[in-house]
Number of protein chains: 2
Amino acid sequence: MSKCEQCIAKQLNSLQSMTSEELRKVSACKTTRYYKKGDIIFDEGESLHGVYCVRSGVCKLTKLSANGKDHTVKLLGKGELLGQRSVISDERTNLSAVALNDIELCFVPKDQIVTPLHENQNFSFDVLQSLAKDLRSAEDDLINMAQKTVKQRMAETLIYIQKVFGTDASGALNVILSREDYASIVGTATESAIRILSQFKKERLIATSGKHITITDLEGLKRVD
Amino acid sequence: MSKCEQCIAKQLNSLQSMTSEELRKVSACKTTRYYKKGDIIFDEGESLHGVYCVRSGVCKLTKLSANGKDHTVKLLGKGELLGQRSVISDERTNLSAVALNDIELCFVPKDQIVTPLHENQNFSFDVLQSLAKDLRSAEDDLINMAQKTVKQRMAETLIYIQKVFGTDASGALNVILSREDYASIVGTATESAIRILSQFKKERLIATSGKHITITDLEGLKRVD
DNA sequence: CTTTTAATATGATTTTTATCATGTTTTCCG
DNA sequence: CGGAAAACATGATAAAAATCATATTAAAAG
């Protein structure tokens, strides 16, 4: 099994602030897990026994609301950590994690995270900063949800996905989502998501071919209101 | 000036995890500041030189959105810390803080927070946990915003304010907000907020007298849809 | 104490978005 | 491959909420 010390994904998260000794321990007891598209990594309300680090692929964090609809809170890609917060606050998970394509996760037992958090100042400060960033971005999302139209949120979602997860050789978004997934991120009805994407296509802001979406007019998307 | 060591507000936040030596230092260099209703404590985009701890009164954290309307992200009462996140991530503030009534804040210079964060494991773990909680609650708010009706959000806002800030001798909510403030919390137009509160009154879920609001049927409010 | 201004209230209308209905196209799987 | 199921698409309608308009009331200022 590959070692954490050389892992590229690690560079992207707080684990890089661990001492080499801590990292060696993590490496020794981590396990790699594979999930297929649609697989549930964990469900909301579960007690987690560790943290997952994304080695490849993309997954989503969702919450089932009272009306029976899922809301997607965040998409996570390479290097991002899942379950970090639940482990820190020692609570059951607030969100479910679902694979959006075939993914590879490293599972690191709780102890290997919590002990360094109490012993390694650099690590805990790094985690602190990453939580602070998450919090800021959650606040921004809240305000977007409160004050922007569905159309604006959809445009921003497309731009976000392109920015964070990039495009393939043909220029299409790397992350392939169903219209229902888009609806769940934007916070709207599936039909509305479909309609808006159709409209964007008509207005030549995007090009679509099945689930493949290409942003053809980024500036135009930014101007949507 | 009163000492932090004996301060009741301190019991409610992470400062309680400081060592007595750290707390003594904080106490020695903190300053107490008074603000009147409506005063701006800090504006979004400012660089903070420290953290504020609420000794008495209530303030709101708001963000001005593109359409010129304010959105209120959080209400803060006794013991809560303002600016914590900006100081941790060493960024400019994302939100403005405004006094909702006459308030008393203790200002603690940045160093007194950041140094212990690097040196005192208990303190930094405590702050970590409180950020984790804030993050969870921000996620919940996002989902409420995405999936609940304005009426539901208003009902929940009233219940939240009663629960967190309590009622006065007559049973009315302790925190006095304008209809515009309610609109800003709920994320709706001021007229809509007024209309919904009028409707709640008609349905005998609340009683109002000017800005004073009394919840008369808590169970009814919980059932609003 | 009156004048002015801001806050509250409510009706009418429009816009936005959700829901329902019904095809069509993809995708999945035996 | 062929049929079933899921995803996509789009029209029609309904519901939710924003906006515009205009009173009325309360609060602040002189």
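Quick note on labels: first sequence line is chain A, next is B, and so on, each numbered from 1. Source: prediction; values computed, not measured.
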Gap between atoms CD1 and P, on Ile194(B) and dC20(D) respectively (whole Å): 16 Å

Residue whose nearest DNA chain C nucleotide is more 5′ - Glu191(B) or Val150(A): Glu191(B)

Whole angstrom value for the distance that separates P of dT19(C) from CD of Glu180(A): 13 Å

Sugar-phosphate, base or nothing in reach of Thr190(A), heavy atoms under 4.0 Å: nothing

side-chain N/O Ser198(B) vs dT8(C) OP1/OP2, d < 4.0 Å: no

Side chain to side chain, Lys151(A) and Asp225(A), heavy atoms closer than 4.5 Å: no

Flag for Lys201(B)-Thr208(B): side-chain donor and acceptor within less than 3.5 Å: yes

Distance test, side-chain N/O of Ser178(B) to OP1/OP2 of dA7(C), below 4.0 Å: no

d(CD1, Ile176(B); P, dA7(C)) in whole Å: 15 Å

Arg33(A) side chain reached by Arg55(A) side chain, heavy atoms, under 4.5 Å: no

Length of the NZ-P vector between Lys151(A) and dT15(C), whole Å: 12 Å

Value in whole Å for how far the P atom of dA7(C) lies from OH of Tyr182(B): 16 Å

Touch class at under 4.0 angstrom, heavy-atom based, for Thr149(B) against every strand present: sugar-phosphate

Under 3.5 Å side-chain donor-acceptor pair for Ser89(B) and Glu91(B): yes

Separation of dA17(D) C1' from Met145(B) CE (nearest whole Å): 14 Å

Nearest-nucleotide pick for Lys211(B), side chain only, options being dT8(C), dC8(D), dT10(D): dT8(C)

dT17(C) phosphate, OP1 or OP2, under 4.0 Å from Thr188(A) side-chain N/O: no

Nearest-0.5 Å distance that lies between atom CD1 in Ile206(B) and atom CE in Met154(B): 8.5 Å

Atom-to-atom span, NZ of Lys69(A) to C1' of dA18(C) - whole angstrom: 7 Å

Closest-nucleotide 5' rank along DNA chain D - winner of Arg195(B) and Lys37(B): Arg195(B)

Protein-nucleotide distance (Met154(A), atom CE; dT16(C), atom C1'), rounded to Å: 15 Å

